[in-house]
Asks: 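Quick one: this structure, given as structure tokens, is what I'll be asking you about.
In what follows, chains carry the letters A, B, and so on, assigned in the order in which the sequence lines appear, proteins first and then strands, with residues in each chain numbered from 1. Since the model is a prediction, treat every value here as computed from it, not as a measurement.
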2 protein chains.
Amino acid sequence: MSDSQSSSARALAPRRHDEILRRLAADGSVGITELANFFDVSRETIRRDMKHLAERGQLDLVHGGATLFEATEPALTERSQENAAGKAAIGRAAANLVEDGMVVFLDSGTTTLAVAHALTGRQNLTICTTSLVIALHMCRQPHVRVHMLGGEIDPSEEAAVGIDALDAIGRFRIDVAFLGGGALSPDGEVTDFTRNGAEQRSRMAATAARAYFVLDSSKFGRLTPLRIQRFELAAGIIVDAPPPAAMVEALERKGPKVIVGE
Amino acid sequence: MSDSQSSSARALAPRRHDEILRRLAADGSVGITELANFFDVSRETIRRDMKHLAERGQLDLVHGGATLFEATEPALTERSQENAAGKAAIGRAAANLVEDGMVVFLDSGTTTLAVAHALTGRQNLTICTTSLVIALHMCRQPHVRVHMLGGEIDPSEEAAVGIDALDAIGRFRIDVAFLGGGALSPDGEVTDFTRNGAEQRSRMAATAARAYFVLDSSKFGRLTPLRIQRFELAAGIIVDAPPPAAMVEALERKGPKVIVGE
DNA sequence: AGCGGATGTTGCAATATGTGGCAGACCGGC
DNA sequence: GCCGGTCTGCCACATATTGCAACATCCGCT
């Protein structure tokens, strides 16, 4: 009945802790029964292990197991709940486009946060971001380097905007960028709420080797005031459900492909 | 020396030490009972072996055996609990030095985080910081502008370090800066753990109109490797308990005043 | 809303491990 | 041979960890 360890030797507590954290990083969550079976110990023991780790702030206890600790708080948390399943699907699709060793830019926003979560456990990435929450989350991952683009913080986005951030973007060589957006307009353009945001995304679309807009389906057909210049340089947009056919056609005629996650 | 006694020649201590370290390197952990059986010696003997190795810093003792050094350093959330009362006192004293409308720099660290908390509710501040957590907290306050200094994120500090951050410091006109530090040395100098940290703090001490080091009492008399150059340009140090008289004298002779919060 | 199964909690007992003292074995030096 | 030092094992006792069982909750399903 020995698992991977030698016969008659039990796993030491720190070994279990490591394994718990390792699985957490890999999968985002772990189950108690699953671990109890793996280590051949009782569920209480695993529960006690998790309690210790939770007290040290290394994970979040939930019914049946544990999940990664969420550093996020009110404002953003609420928004990130909306269409959480869709955003997770987008995140997975986006993560598939990322290979180990890449330099990845993550824009601010709840959808890009979902991408960050989907990248949990990946090795050797370099992450550039303007989002405080994303920087915080990713810097807690092992083997991930994080560059925070500085600048004035927009409280509603909890991310750096403004001239300093624009400036800093130019200094990086980005393999792949995931950008948010305010809306996908009926005529197949990605648009934004703010001047700064539009400018920032425009630059990223032009600078990165490949850029993708991540847009959940609630943004289809909405109207926001600012066009994102040169958005058509993006390699594609990643969505959680197919947009209306007319929109897809209008968009793909300009260049970007539509990728539907699931 | 090696007179072989019985047919079952026992392993000598150095031989055991080697095997312990070898297994550690291979598996990440070893159990005491397991080794006692393997060498056919008592568990006490193995324990004594491990104790020696632990004193030499070659392994970490844990219940039931030993592991490689714990990868999990105390999380920030845990560190911020240590001496929480003292840090809160420092925070209040620091907040008293801040007037509405000022431009305030907040360094990374748990003590400066306490300062940030003490500034909650203040109006019209402009906050500059390298710390992700402080930026996140302050940008949620109304009537506070936040500038995040960008750069590579040091995961253990969850704050920006490195050339970009150093660079950005120069662009701001700071009214008052609150800086962390690794220790207050016996001869009244503020010292630091890392080269980058020391450099960053040195620059801030020289740049800000007024700079204060915030140091809780656990840091008195400790020794860390790096002097913070020009730390004596700081206006003072803020502590939660009076340091030894000799330290105070040595420090104030160089310039900075000692402020004790309560 | 109710029900069954899975999960969480708590107190307790069994077992494993940690610690310190002590005695004997062994080694080297005189 | 005697002596001091070190290593080792054994013992007794303190502490930590673990599993179990009884009961409280929660979850998913009808």
Asks: Is a donor on one side and an acceptor on the other found under 3.5 Å between the side chain of B:Asp192 and the backbone of B:Leu226?
Replies: no

Asks: Between B:Arg140 and A:Glu158, does any NZ, NE, NH1 or NH2 come within less than 4.0 Å of an OD or OE carboxylate oxygen?
Replies: yes

Asks: Do B:Asp240 and B:Lys87 sit within salt-bridge range, that is, some charged N less than 4.0 Å from a carboxylate O?
Replies: no

Asks: When the distance from CZ of A:Phe39 to C1' of D:dG19 is rounded to whole Å, what number comes out?
Replies: 17 Å

Asks: Does the side chain of B:Arg47 get closer than 4.0 angstrom to OP1 or OP2 of D:dG9 through an N or O atom?
Replies: no

Asks: Please list each protein N or O that sits under 3.5 Å from an N or O in nucleotides 20-25 of chain D, with the distance.
Replies:
{"from": "D:dC20", "atom 1": "N4", "to": "A:Glu44", "atom 2": "OE2", "distance (Å)": "3.4"}
{"from": "D:dA21", "atom 1": "N6", "to": "A:Glu44", "atom 2": "OE2", "distance (Å)": "2.9"}

Asks: Let me know the distance between NZ of B:Lys51 and C1' of C:dT19, rounded to the nearest Å.
Replies: 8 Å

Asks: Between the side chain of A:Thr112 and the main-chain N/O of A:Val115, is any donor-acceptor distance below 3.5 Å?
Replies: no

Asks: For the pair made of CG in A:Asp40 and P in D:dT18, what is the distance, rounded to whole Å?
Replies: 13 Å

Asks: Send over the distance from A:Arg16 CZ to D:dG19 C1', rounded to a whole Å.
Replies: 12 Å

Asks: Can you name the residues that form a salt bridge (charged side-chain N to carboxylate O under 4.0 Å, His left out) with A:Asp49, not counting sequence neighbours?
Replies: A:Arg16

Asks: To the nearest Å, how far apart are A:Asn37 CG and C:dA6 P?
Replies: 13 Å

Asks: Whole-Å distance between C:dT17 P and B:Glu34 CD?
Replies: 11 Å

Asks: If I take atom CG in residue B:Asp49 and atom C1' in nucleotide D:dC7, what distance separates them, rounded to the nearest angstrom?
Replies: 10 Å

Asks: Describe, in one word, how the ring planes of A:Tyr212 and A:Phe178 are oriented to each other, choosing from parallel (under 30°), tilted (30 to 60°) and perpendicular (over 60°).
Replies: parallel

Asks: Is it the case that A:Thr191 and A:Thr224 place a side-chain donor and acceptor less than 3.5 Å from each other?
Replies: yes

Asks: Taking atom types as modelled and ignoring hydrogens, do the side chains of B:Ser185 and B:Asp187 form a donor-acceptor contact shorter than 3.5 angstrom?
Replies: yes

Asks: Can you tell me the distance, in whole Å, between the NE2 atom of A:His52 and the P atom of D:dT18?
Replies: 9 Å

Asks: Using the C1' atoms of five pairs at each end, what's the angle between the two axes of the helix from C:dA1-D:dT30 to C:dC30-D:dG1, to 10 degrees?
Replies: 40°

Asks: Please determine if B:Glu19 and B:Arg23 form a salt bridge, counting it only when a charged side-chain N lies under 4.0 Å from a carboxylate O.
Replies: yes

Asks: A:Thr45 side chain N/O closer than 4.0 Å to the phosphate oxygens (OP1, OP2) of D:dT17?
Replies: no

Asks: Within the pair A:Thr33 and C:dA6, is there a side-chain N or O less than 4.0 Å away from OP1 or OP2?
Replies: no

